[in-house]
Amino acid sequence: MSSPQTAPPASSTAAPESPTAARRSRTAAPRSPMAAPPSFLWTRRVFLTLLTGFVLLPVYVMVSSSLKPLEDVTGSFRWLPTDLTIRPYIDIWSTVPLAKYFVNSLVVAGAATVCSVVIAVFAAYAVSRYDFRGKRVFSVTVLSTQMFPGILFLLPLFLIYVNIGNATGIALFGSRGGLILTYLTFSLPFSIWMLIGYFDSVPRDLDEAALVDGCGPLKALFRVVVPAAIPGIVAVAVYAFMTAWGEVLFASVMTNDTTRTLAVGLQGYSTQNDVYWNQIMAASLVVSVPVVAGFLLLQRYLVAGLTAGAVK
């Protein structure tokens with residue numbers, strides 16, 4: 001009997017896939033339903049490019065103008081300066097007392113920031129953790145103060161400061177202390193409202209655990225709640241500082257030659273005979289360095305503080 005004929009064994013290794021077939025298989029792979037369409041990606045790139053140019057164009061004009069002589073700035077504008085000089089950055093300190101204005105702004109903005117943060121922490125913690133009569137009215141009143149423009153408070157504050165000075169001899173008008181109190185009137189309500197939302201997002205179990213361990217309310221606040229609320233506190237501090245640093249309306253009325261801040265002192269580069277545009281641009285860049293540097297250093301805390309409590 002003849003044995004049955006067996007088929008030849010199949011090759012153990014498959015033939016390698018050609019590059020064309022591999023490219024076709026990758027192309028034919030289904031796209032994820034969450035992936036953005038190509039048209040959206042290109043639209044986003046174009047929009048972000050235009051937005052970046054729109055933001056950086058004034059900065060480039062400021063930098064280039066600050067490195068030009070005055071006659072080049074007042075003449076026809078050139079995108080590429082031909083005669084570069086750092087003389088405007090040297091003259092800004094002698095044309096006006098910029099150093100004194102810088103110190104005034106630093107003291108006023110720093111004191112307003114510290115007072116806003118300290119008062120807002122206690123007020124927001126009381127509203128967030130305790131129930132008391134008038135709690136809702138207080139919260140609504142604090143938030144409603146942001147509805148009114150600041151110019152409505154200018155004349156009342158001016159009259160209050162003048163009358164207090166005449167009655168008690170305490171010089172609030174034209175002093176740093178009066179300007180600090182003025183900035184607290186519109187930075188403190190927003191700081192309290194922001195920290196209330198952040199403290200609400202901090203679990204109450206932390207407070208209860210601290211109380212069980214023997215901590216009092218104040219010790220629980222400073223040892224447990226405040227460390228957990230650092231991003232929100234930093235966001236409040238940055239907001240208060242930036243508001244006080246660049247404020248012009250109240251500083252132009254509530255200050256004199258001794259207590260003038262940077263936002264008002266920059267007007268000194270404009271005289272009856274000429275306007276020192278190159279020095280104005282140089283001084284604007286110099287005074288913006290502290291705010292930009294602080295914002296870059298605290299950016300992650302600022303974003304976390306502003307978004308905390310939004311979703312509960």
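Note that the numbering runs from 1 along the sequence shown for the chain. Because only heavy atoms are used, hydrogens play no part in the values below, and waters and symmetry mates are left out as well, while side chains stay in.
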State whether the side chain of [X] and the backbone N or O of [Y] hold a donor-acceptor pair below 3.5 Å, judged by distance alone.
| X | Y | value |
| --- | --- | --- |
| Thr259 | Gly174 | yes |
| Glu247 | Leu249 | yes |
| Thr185 | Thr182 | yes |
| Thr85 | Leu67 | no |
| Trp245 | Ala263 | no |
| Asn278 | Pro88 | no |
| Thr168 | Gly165 | no |

Residues forming a side chain to side chain donor-acceptor pair (under 3.5 Å) with [X], sequence neighbours excluded:
| X | answer |
| --- | --- |
| Arg204 | none |
| Ser128 | Asp200 |
| Asn166 | none |
| Ser175 | none |

Show your reasoning for whether side chain to side chain contact (heavy atoms under 4.5 Å, CB included) applies to Val289 and Val292. CA-CA 5 Å; Val289 168; Val292 174; 6.0 Å; no
Is there a path from Val140 to Val127 through hydrophobic residues (I, L, V, M, F, W, Y) whose side chains come within less than 4.5 Å of each other? no
Co-membership, hydrophobic cluster, residues Val264 and Leu285, 4.5 Å side-chain: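 Different clusters.
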Knowing that exactly one of Lys135, Arg133, Arg129 qualifies, which makes a side chain to side chain donor-acceptor pair (under 3.5 Å) with Asp131?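 Result for side chain to side chain donor-acceptor pair (under 3.5 Å) with Asp131: Lys135.
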Pair up each side-chain donor or acceptor in residues 110-119 with any protein partner under 3.5 Å, not counting sequence neighbours, and list the distances.
| from | atom 1 | to | atom 2 | distance (Å) |
| --- | --- | --- | --- | --- |
| Thr113 | OG1 | Ala109 | O | 2.7 |
| Thr113 | OG1 | Phe241 | N | 3.3 |
| Ser116 | OG | Ala112 | O | 2.8 |
| Ser116 | OG | Ser187 | OG | 3.1 |

Begin with the C-alpha distance, continue with both residues' side-chain angles, and end with the deciding distance and a verdict on ring-ring contact (aromatic ring centres under 6.0 Å, His included) for Phe222 and Phe122. CA-CA 10 Å; Phe222 289 108; Phe122 285 105; 5.8 Å; yes
Extract all donor-acceptor atom pairs below 3.5 Å that involve side chains of residues 94-102 and protein atoms in other chains or at least two apart in sequence.
| from | atom 1 | to | atom 2 | distance (Å) |
| --- | --- | --- | --- | --- |
| Ser94 | OG | Asp91 | O | 3.2 |
| Thr95 | OG1 | Asp91 | O | 2.9 |
| Thr95 | OG1 | Gln279 | OE1 | 2.7 |
| Lys100 | NZ | Asp257 | O | 3.3 |

Quick test of your reading: applying side chain to side chain donor-acceptor pair (under 3.5 Å), list the pairs with at least one residue in residues 42-54, sequence neighbours left out, ordered by first then second residue. none
Does Phe47 have more than 12 heavy atoms from other residues, nucleotides or ligands lying within 6.0 Å of its CZ?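 Counting other residues, nucleotides and ligands, CZ of Phe47 stays at 12 neighbours or fewer.
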Plane angle bin for Tyr239 and Phe190 - parallel if under 30°, tilted between 30 and 60°, otherwise perpendicular: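 It falls in the tilted class, 30° to 60°.
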Quick one about Asn104 and Arg260 (side-chain donor to acceptor, distance below 3.5 Å, no hydrogens or angles considered), yes or no? no
Residues which pass side chain to side chain contact (heavy atoms under 4.5 Å, CB included) with Leu50, listed by chain and number, not counting sequence neighbours: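 Listed in chain order: Val46.
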Can you name the residues that form a side chain to side chain contact (heavy atoms under 4.5 Å, CB included) with Ala123, not counting sequence neighbours?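 By the side chain to side chain contact (heavy atoms under 4.5 Å, CB included) rule, Ala123 matches Ile192.
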Return the set of residues passing salt bridge (Lys or Arg N to Asp or Glu O under 4.0 Å) with Lys219 (not counting sequence neighbours), or none when no residue passes. none
Tracing side-chain links under 4.5 Å among I, L, V, M, F, W and Y, which residues wind up in one group with Val107? Val103
Residue pairs passing the ring pair (Phe, Tyr, Trp, His ring centres under 6.0 Å) test with at least one member in residues 161-187, sequence neighbours excluded, are Phe158-Phe173, Tyr183-Phe186, Phe186-Phe250
Would you sort out whether Tyr269 and Val275 count as a side chain to side chain contact (heavy atoms under 4.5 Å, CB included), showing the intermediate values? CA-CA 6 Å; Tyr269 294 103; Val275 179; over 6 Å; no
